[in-house]
Protein chains: 2
Amino acid sequence: MLSRLRFGLSGAAQQLARSSPLQPLLLQHQSGAIAVSRSSHSAPAPSATTATAIPAPTDGLRVTPVSTKPPTAIVLMNLGGPATQADVHDFLLRLFSDRDIIPLPLQSYSARFIARRRTPTIQQQYAKIGGGSPIRSWTEKQGQAMAKMLDEISPSTAPHKPYIAFRYARPLTDDALAQMAADGVTRAVAFTQYPQYSCSTTGSSLNELARQISAAGSASPLKDMQWSVIDHWPTHPLFVQAVVHNIRQALLRFPEAKRKEVVLVFSAHSLPMTVVNRGDAYPPQVAATVHAVMQELGHSHQFQLVWQSKVGPQNWLGPRTDEAIRGFAANGRKNLLLVPIAFTSDHIETLFELDHEYADVLAKEVGIEQIERSESLNEPPPIHQSHGYNCARASPASRSHRQGLQQAAWHAVVPKCTNPKCETTRTFFGAEH
Amino acid sequence: MLSRLRFGLSGAAQQLARSSPLQPLLLQHQSGAIAVSRSSHSAPAPSATTATAIPAPTDGLRVTPVSTKPPTAIVLMNLGGPATQADVHDFLLRLFSDRDIIPLPLQSYSARFIARRRTPTIQQQYAKIGGGSPIRSWTEKQGQAMAKMLDEISPSTAPHKPYIAFRYARPLTDDALAQMAADGVTRAVAFTQYPQYSCSTTGSSLNELARQISAAGSASPLKDMQWSVIDHWPTHPLFVQAVVHNIRQALLRFPEAKRKEVVLVFSAHSLPMTVVNRGDAYPPQVAATVHAVMQELGHSHQFQLVWQSKVGPQNWLGPRTDEAIRGFAANGRKNLLLVPIAFTSDHIETLFELDHEYADVLAKEVGIEQIERSESLNEPPPIHQSHGYNCARASPASRSHRQGLQQAAWHAVVPKCTNPKCETTRTFFGAEH
């Protein structure tokens with residue numbers, strides 16, 4: 001079953017794992033933490049900084065599989081995307097039904113209306129990028145690589161198992177929670193896949209998670225799960241290094257004589273100004289990412305932060321990506337590198353909007369000499385290192401629930417928040433005011 | 001004469017200097033760099049990282065004053081402020097006449113009209129903060145402390161001398177340049193006192209500087225000056241540490257039981273959305289400062305970045321400082337610390353707007369329990385260390401003009417720039433595209 005494969009490494013998926021190049025390590029993880037029989041497996045765990053690999057069995061030590069230990073769940077939260085064109089309608093319906101992101105009058109009616117109306121256009125966009133969103137397959141790969149790394153750097157909390165909780169496509173939050181309950185999970189890390197926090201993205205995912213768990217019956221195993229939250233990581237050094245790596249690779253696609261004058265155009269999904277002016281943390285956090293990336297690059301190039309994907313008649317935060325490309329062309333800056341900066345894998349906004357609408361069509365129209373786009377952080381290395389490192393830090397086994405949360409969550413409070421669900425979610429996850 | 005005192009250390013100012021606690025060091029600087037007679041004073045200079053103090057004379061070495069060496073000029077660029085209520089009108093007239101910041105139809109007429117109309121209100125505001133802006137006296141103190149520090153860490157470019165170039169109040173750019181010419185300056189660092197770059201602030205100052213020098217006759221000594229530019233320093237570690245120091249001091253003014261729940265409200269001057277959407281570097285750079293400060297604080301408190309001082313009917317970037325205070329009060333966050341984050345000394349926006357309008361009046365109105373404001377970076381230590389360090393890095397003696405500029409300037413290019421003066425300025429200062 002796909003759902004079993006998706007959640008990683010049980011049942012049919014084990015069959016796959018055994019035939020993969022990762023087989024030896026995956027099998028270790030399937031059987032739980034490696035416990036060395038001279039010491040109890042409950043002995044103090046080496047810290048993440050000192051234990052960087054699973055100790056290899058040596059003479060005189062016996063490796064015991066601890067098969068009954070439930071996994072530490074790493075719940076990868078993201079918006080998701082339609083896997084096929086047939087899934088577009090349901091994806092849009094869920095999106096427009098989410099009052100955390102788009103509060104509409106008569107929401108259930110208007111969401112159905114808008115979803116139905118927009119489906120054909122969006123289906124065409126997905127047709128152009130191969131028929132569906134690659135976000136699920138990338139997230140699965142990243143999750144598996146991260147779990148592997150976590151098992152290495154934090155054997156005391158192994159095995160780690162990735163669960164995907166998309167907001168608008170399967171697997172949804174309830175899919176993830178059902179599988180976690182079936183796996184006997186008691187410790188979980190809610191790990192946003194959006195590097196920068198927004199009420200519209202991570203906020204919505206956390207609200208959904210809290211809502212689902214709160215709604216479960218008192219006998220539900222969901223009630224016994226201990227949670228940590230990683231809700232933003234805009235300047236994590238490994239994330240920044242991964243972006244820098246991809247920028248440097250992309251710069252090589254320009255002829256050497258032109259390379260120095262390339263302008264780095266960091267592009268992030270925009271927000272309506274009503275959300276910005278309410279105090280959403282996202283614009284400043286995206287700016288912090290860009291600044292960190294430019295510092296890591298030693299300010300080697302000129303750059304600009306721009307905002308894409310505006311829809312509807314409202315004012316949104318700018319400068320707009322398309323208008324910036326026009327402006328650069330008009331100002332004689334005709335070698336541009338588009339850098340997606342607020343997402344961890346390819347999606348319609350990179351593959352269709354950046355690559356097709358801007359790099360293929362618009363750039364030609366306005367006379368750009370060369371335009372490239374740096375790779376998204378699709379492939380597990382090195383981004384999974386960043387994920388893994390973050391998870392290890394927030395792992396409930398190494399620090400208490402509340403401590404883990406204080407490290408991570410909701411520090412950029414929204415002064416004009418009008419959504420009472422967020423306060424409920426904070427309380428649920430134990431955040432301090 | 002005040003102008004001589006202001007520019008530091010010549011003539012009557014030397015009399016003052018000799019009676020000050022800084023006397024010994026200032027006298028050394030007045031006489032030029034300390035040259036040790038065994039080696040020529042043109043010998044390779046120790047780098048800033050290894051030479052942290054002027055070497056003390058020792059037996060067998062003779063100290064030679066090099067009185068003919070002109071100073072390295074550090075030109076402190078800022079907007080300035082009216083020193084007295086009588087200066088308010090001229091200050092406003094210059095401000096509204098600056099097409100780099102406020103392009104108006106029929107500028108010379110409308111600037112006079114607006115300046116005349118707004119003068120009484122602004123005079124009242126200055127009356128409430130002691131009659132005039134303290135920006136000049138703080139800048140003088142900071143400049144003197146910085147020059148002293150630069151002489152210590154970079155003896156090869158000593159003596160250093162601060163010159164103030166305000167945009168809208170005396171001493172203006174032409175005052176600074178006239179004094180520099182009289183002092184025989186050949187090497188100068190244009191050093192913005194705005195930590196974060198905006199076309200409206202640093203951009204306008206640089207344009208004015210380039211315009212003045214370009215307009216000088218070919219025989220003018222201004223034509224022989226070699227320039228470096230420091231046009232932004234939003235996350236300089238010493239700047240960040242100075243802000244963090246002042247936050248920690250201000251937090252002590254809250255009772256210990258409440259200290260943990262104080263929300264840090266970083267407040268910066270806002271910009272019209274037309275400027276933001278054109279691609280002004282300021283909002284992301286302010287965000288980068290806030291992020292760096294919160295990291296240095298170990299995310300010890302909840303925080304928010306808000307924007308103050310909106311005027312006129314246009315849309316400006318939010319959330320607005322006043323609305324955020326109302327929002328926090330409504331959401332039960334009633335202990336607030338206002339942190340000015342985009343200016344290096346007190347000014348009307350801290351002393352009147354934050355302290356009086358918001359902390360005195362608004363906070364009481366909306367039921368805030370306690371509101372404090374952290375100190376601006378008035379006193380030379382430790383902020384002058386940051387200034388000095390920056391200057392030393394960009395000093396034209398330690399790296400070429402163009403190298404210095406590439407380190408510092410205009411990396412966040414404005415995609416929709418419509419001001420041809422900026423391109424002229426870039427070219428003038430030798431920036432690469």
Side-chain angles (χ1 to χ4, degrees), chain A residues 234-235 260-261 263-266 273 276-281 283-292 294-295 298-307 315-320 323-333 406-408 410-418 423 431-433, chain B residues 234-235 260-261 263-266 273 276-281 283-292 294-295 298-307 315-320 323-333 406-408 410-418 423 431-433:
Chain A
T235 58
K260 185 71 194 155
E261 68 188 64
V263 178
L264 310 183
V265 185
F266 294 92
M273 284 307 297
V276 174
N277 288 338
R278 204 162 58 209
D280 198 89
Q285 289 197 7
V286 173
T289 301
V290 171
H291 190 79
M294 289 309 304
Q295 280 197 310
H299 281 264
S300 59
H301 288 74
Q302 292 191 317
F303 73 98
Q304 179 60 256
L305 167 56
V306 298
W307 306 87
N315 288 326
W316 286 48
L317 181 62
R320 287 171 57 143
E323 292 181 0
I325 292 169
R326 288 180 195 278
F328 283 130
N331 285 337
R333 290 182 175 81
Q406 284 170 31
Q407 290 276 330
W410 291 300
H411 278 283
V413 287
V414 177
K416 296 166 72 187
C417 180
T418 52
E423 203 56 39
E432 303 214 334
H433 279 238
Chain B
T235 57
K260 186 74 193 151
E261 70 188 62
V263 178
L264 309 184
V265 185
F266 294 91
M273 283 308 296
V276 174
N277 288 339
R278 204 162 57 211
D280 198 90
Q285 290 199 6
V286 173
T289 302
V290 171
H291 191 79
M294 289 309 303
Q295 280 197 311
H299 282 265
S300 58
H301 288 75
Q302 292 191 318
F303 74 98
Q304 180 60 255
L305 167 57
V306 298
W307 306 88
N315 288 327
W316 286 48
L317 181 62
R320 287 172 56 145
E323 292 181 1
I325 293 170
R326 288 179 195 278
F328 282 130
N331 285 338
R333 291 183 174 80
Q406 282 170 33
Q407 288 277 331
W410 292 300
H411 278 283
V413 287
V414 178
K416 296 166 72 188
C417 180
T418 52
E423 204 56 38
E432 303 214 335
H433 280 236

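A, B, ... follow the sequence lines: proteins, then strands. Residue 1 opens every chain.
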Q | Minimum heavy-atom distance A:Pro319-B:Gly279, with the two atoms named | A | CG-CA, 3.6 Å
(Q) Looking only at heavy atoms and a cut-off of under 4.5 Å, which of A:Val306, A:Ile325, A:Asn277, A:Thr289 has the most pairs with chain B? (A) A:Asn277
(Q) Shorter than 4.5 Å, heavy atoms on both sides: which option in B:Gly327, B:Gly318, B:Ala292 has the most such pairs with chain A? (A) B:Gly318
Q | Proximity breakdown for A:Trp307 and chain B, heavy-atom pairs closer than 4.5 Å | A | neither
Q.
Run the side-chain hydrogen bond (donor to acceptor under 3.5 Å, both in side chains) test against B:Asp280 and tell me which residues pass, sequence neighbours left out.
A. B:Ser198
Q) How many angstroms lie between CD in B:Gln295 and OG1 in A:Thr235, if you round to the nearest 0.5 Å? A) 4.0 Å
Q | Residue B:Ala330 versus chain A: region with a heavy atom under 4.5 Å | A | neither
Q. What part of B:Val290 gets closer than 4.5 Å to chain A, counting heavy atoms only: side chain, backbone, both or neither?
A. neither
Q: Please identify each residue that fulfils salt bridge (charged side-chain N to carboxylate O under 4.0 Å, His left out) with B:Arg278, with sequence neighbours left out.
A: none
Q. Measuring heavy-atom distances to chain B, does A:Leu317 have an atom under 4.5 Å in its side chain, in its backbone, in both, or in neither?
A. both
